[in-house]
Amino acid sequence: MFFTAWATLAVLGVYFWTGVNAGRARIRHAVPAPLMEGPEEFLRCQRVQANTLEQLPLVLAPLWLCAFYLGDLWAAAGGLLWCLGRIAYALGYYRDPAKRELGFITGMLACALLIGGTVWGLLLR
């Protein structure tokens, strides 16, 4: 599960990156905790971070199930595809929330492939 472990670290790295961006936006716009209201740039950063957090169970559980039942490389590829999708989602959302779709779709496709890969691996057994 070597490659899946690296993909897991990449997933967590993307989440960490969005959290740092949200924290920097909070400081830059002087939005004290626990307030969740502020300028649009702050709100965008907060929403990206929250949405990425919401996606973690949907990627991490099938990532490891796929690795176990289908294979390490297949799972790692799905995890890295999710990372690329989340990065595209974040960068698009930071610029204009209407530009987040491609990244969102890519991330959801990665999750669907990981779930499908798990099911396929289970059926093969």
Side-chain angles (χ1 to χ4, degrees):
M1 308 293 174
F2 179 80
F3 294 108
T4 301
W6 280 109
T8 300
L9 291 175
V11 165
L12 295 174
V14 169
Y15 176 60
F16 183 81
W17 171 66
T18 65
V20 167
N21 287 342
R24 286 189 354 222
R26 181 176 291 281
I27 292 167
R28 183 172 39 256
H29 297 289
V31 179
L35 294 180
M36 297 299 285
E37 298 175 7
E40 187 173 345
E41 181 189 351
F42 166 75
L43 296 175
R44 289 179 187 182
C45 290
Q46 280 298 121
R47 188 64 208 131
V48 166
Q49 190 273 333
N51 188 264
T52 303
L53 174 62
E54 293 162 2
Q55 294 288 314
L56 285 181
L58 193 57
V59 69
L60 289 175
L63 175 69
W64 281 94
L65 289 169
C66 184
F68 186 76
Y69 288 105
L70 188 63
D72 186 32
L73 289 175
W74 289 106
L80 294 178
L81 180 62
W82 183 88
C83 289
L84 293 174
R86 278 281 104 186
I87 291 167
Y89 171 86
L91 295 175
Y93 206 121
Y94 295 152
R95 283 191 288 273
D96 177 3
K99 298 187 184 302
R100 72 191 189 281
E101 282 93 7
L102 178 61
F104 183 80
I105 291 167
T106 302
M108 292 304 285
L109 176 63
C111 292
L113 290 171
L114 288 167
I115 291 168
T118 301
V119 170
W120 182 253
L122 285 167
L123 291 173
L124 291 176
R125 290 182 183 237

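These numbers were taken from a predicted model, which means no experiment stands behind them.
Every residue two or more places apart in sequence or in another chain that forms a side-chain hydrogen bond (donor to acceptor under 3.5 Å, both in side chains) with Y94 is listed here: N21. Listed by chain and number, the residues in a salt bridge (Lys or Arg N to Asp or Glu O under 4.0 Å) with R47 are E54 (sequence neighbours excluded). Here R28 pairs with E41 under the salt bridge (Lys or Arg N to Asp or Glu O under 4.0 Å) rule; sequence neighbours left out.
When every heavy atom of L58 is checked against every heavy atom of C111, the shortest pair comes out as O-SG, 3.5 Å. Nearest approach of Q49 to G19, heavy atoms of both residues: CG-CA, 3.6 Å. Summarising the geometry of A110 relative to G78, their closest heavy-atom pair is CB-O, 3.5 Å, with the distance given to 0.1 Å. The two residues A10 and L80 come nearest to each other via the heavy atoms CB-CD2, 4.0 Å. Taking both residues in full, the closest heavy atoms of G79 and A7 are given as CA-CB, 4.4 Å, listed atom of the first, atom of the second, then distance. Of all heavy-atom pairs spanning R44 and R95, the tightest one is NH1-O, 2.8 Å.
Listed by first and then second residue, the side-chain hydrogen bond (donor to acceptor under 3.5 Å, both in side chains) pairs involving residues 64-80 are T4-D72, T8-W64 (not counting sequence neighbours).
Cluster partners of I27 are absent, since no Ile, Leu, Val, Met, Phe, Trp or Tyr has side-chain heavy atoms less than 4.5 Å from it. Here F16 sits in one hydrophobic cluster together with V20; the rule is ILVMFWY side chains under 4.5 Å apart, joined directly or through other members.
Under a hydrophobic-cluster definition in which Ile, Leu, Val, Met, Phe, Trp and Tyr are linked whenever side-chain heavy atoms come within less than 4.5 Å, directly or via other members, L114 and M1 are assigned to the same cluster. A continuous path of Ile, Leu, Val, Met, Phe, Trp and Tyr side chains, each step under 4.5 Å between heavy atoms, connects L91 with F104, placing both in one hydrophobic cluster. L84 is not connected to I115 by any chain of hydrophobic side-chain contacts under 4.5 Å among Ile, Leu, Val, Met, Phe, Trp and Tyr, and they are in different clusters. Linking ILVMFWY side-chain heavy atoms closer than 4.5 Å, directly or via other members, places L63 and L65 in a single hydrophobic cluster. No continuous path of hydrophobic side-chain contacts links L9 to Y15 [ILVMFWY only; heavy atoms under 4.5 Å].
Between the side chain of R125 and the backbone N or O of L122, no donor-acceptor pair lies under 3.5 Å. The main-chain N or O of Q46 is never found under 3.5 Å from a side-chain atom of R26 such that the two would form a donor-acceptor pair.
Using modelled atom types, one finds no donor on one side chain facing an acceptor on the other under 3.5 Å when comparing Y89 with E101.
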Quiz item: Checking side chain to side chain contact (heavy atoms under 4.5 Å, CB included) for the pair L109/T106: CA distance, chi angles, key distance, verdict?
Solution: CA-CA 5 Å; L109 176 63; T106 302; 5.7 Å; no
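With rounding to the nearest 0.5 angstrom, the CZ atom of F42 is 5.5 Å from the CE atom of M36. Of the inter-residue distances, the one linking L12 atom CG with T52 atom OG1 reads 12.0 Å to the nearest 0.5 angstrom.
Using a 4.5 Å heavy-atom threshold, the side chains of L113 and P62 count as separate. Here the side chains of M108 and W82 are not in contact, with every heavy-atom distance at 4.5 Å or above.
Between R86 and the choices V48, T18, N51, the side chain to side chain contact (heavy atoms under 4.5 Å, CB included) rule is met once, by N51.
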